[in-house]
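Contents: one structure, followed by commentary.
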Amino acid sequence: MQNPDIALKITQGMYVLTTVGGGCIVDAVSQVNGEAQPLIAVAVMKTNYTHELMQNNDRFALSVIGKNSDPNIIKTFGFQSMRDADKFAQAQTSETSGINTVNGTLGYMILDKVDSVDTGTHTLFIGRYAEGRVTDDSEPMSYAYYAEHKSELTKATTAAGKTAWVCTVCGYVYYGDEIPDGYVCPLCGVGADLFEKVEK
């Protein structure tokens, strides 16, 4: 294994994965066949609360983030857990076939879950396209673009009057006077030692 960083050269899009009860930001999404109703695969980290929801639901949606989409979409769905905050109350969404899709994106697709594959740290959920809509023909945001502009797109903001701990790797915000021992970032998986305290 000479340089595993070559895997970082594989770049895809940025999406909001939603299902009943919650959602999160994902980038590992791929169309896996060419049928009229194609199969779409999405990888979800097992420590993410959305992973639990995906296991318990049979339908999910992917909203496609564009370069010009509001960066707050990324912060809302990427930097907090539905265990702690109602993401849907913080974002503009529309209900489509029982699933919340995110407004201000390039469009959405609704998928019926047909299979899942355990890949170690993640589960690959596979869904069959059921319906979708393009709402904006602008350029999609690639993961490479996100990585290049991450600091401006994801500058962390915290709620006034609350003590916050901000992950220095991905910007996830944990609220509480102290961060628990053994705490692991639900977004990127790093430990509590890589969180910085932001005073009230």
Side-chain angles (χ1 to χ4, degrees), residues 12-66 69-70 72-136 140-141 143 146 167 170-175 183-189:
Q12 299 180 79
M14 295 287 288
Y15 310 84
V16 185
L17 167 67
T18 48
T19 189
V20 175
C24 66
I25 296 293
V26 293
D27 66 273
V29 173
S30 180
Q31 181 175 329
V32 295
N33 68 8
E35 297 177 7
Q37 290 183 284
L39 294 175
I40 308 292
V42 54
V44 184
M45 186 182 294
K46 289 182 179 179
T47 56
N48 197 312
Y49 180 58
T50 303
H51 181 273
E52 178 182 330
L53 298 175
M54 288 288 287
Q55 289 182 311
N56 295 328
N57 289 299
D58 294 325
R59 178 165 271 207
F60 60 95
L62 289 165
S63 298
V64 183
I65 299 174
S69 295
D70 185 348
N72 284 320
I73 293 173
I74 296 173
K75 290 190 278 189
T76 297
F77 287 93
F79 291 176
Q80 54 188 344
S81 172
M82 206 76 169
R83 292 186 183 98
D84 308 316
D86 185 351
K87 299 179 186 182
F88 294 143
Q90 300 174 26
Q92 294 185 344
T93 62
S94 298
E95 186 174 317
T96 308
S97 299
I99 306 292
N100 283 309
T101 57
V102 181
N103 300 346
T105 58
L106 305 188
Y108 63 85
M109 62 190 85
I110 306 293
L111 302 121
D112 293 315
K113 187 174 71 177
V114 297
D115 203 356
S116 62
V117 180
D118 188 330
T119 66
T121 58
H122 292 63
T123 297
L124 191 68
F125 293 98
I126 302 170
R128 185 174 299 282
Y129 177 90
E131 61 179 291
R133 183 181 179 195
V134 175
T135 57
D136 186 333
M141 181 184 294
Y143 183 80
Y146 166 76
C167 177
C170 70
Y172 178 84
V173 179
Y174 172 86
Y175 288 104
Y183 184 80
V184 173
C185 179
L187 179 62
C188 69

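- Side-chain contact between Ile65 and Ile25 is present, with heavy atoms from C-beta onward closer than 4.5 Å.
- With rounding to the nearest 0.5 Å, the separation of CG in Asp70 from OG1 in Thr105 is 11.5 Å.
- Residues passing the salt bridge (Lys or Arg N to Asp or Glu O under 4.0 Å) test with Glu95: none are found, sequence neighbours excluded.
- Two rings, from Tyr174 and Tyr183, have their centers less than 6.0 Å apart.
- The side-chain heavy atoms of Thr18 and Tyr108, taken from C-beta on, include no pair separated by under 4.5 Å.
- Scanning for ring-ring contact (aromatic ring centres under 6.0 Å, His included) contacts around Tyr15 gives an empty result, with sequence neighbours left out.
- Residues passing the ring-ring contact (aromatic ring centres under 6.0 Å, His included) test with His122: none are found, sequence neighbours excluded.
- Contact detail for Val44 and Asn48: the closest heavy-atom pair is CG1-CB, 4.4 Å.
- The shortest side-chain heavy-atom distance between Leu111 and Phe125 does not fall under the 4.5 Å cut-off.
- Remark: the backbone N or O of Val20 is paired with a side-chain donor or acceptor of Asn57 at under 3.5 angstrom.
- Residues Thr101 and Arg133 have side chains not in contact (no heavy-atom distance under 4.5 Å, counting atoms from C-beta outward).
- At least one side-chain heavy atom of Lys87 sits less than 4.5 Å from a side-chain heavy atom of Cys24.
- Scanning both residues, Ala28 and Gln12, for their nearest heavy atoms gives CA-NE2, 3.8 Å.
- Asn33 and Pro38 make their closest contact through OD1-CA, 3.2 Å (heavy atoms, listed as atom of the first residue, atom of the second, distance).
- For the pair Lys46/Asp118, a side-chain contact is recorded, criterion being any heavy-atom separation below 4.5 Å from C-beta on.
- Counted within 6.0 Å of CD on Gln92, heavy atoms from surrounding residues, nucleotides or ligands total 12 or fewer; the atom is thus considered open.
- The two residues Val29 and Leu62 come nearest to each other via the heavy atoms CG1-CD1, 3.9 Å.
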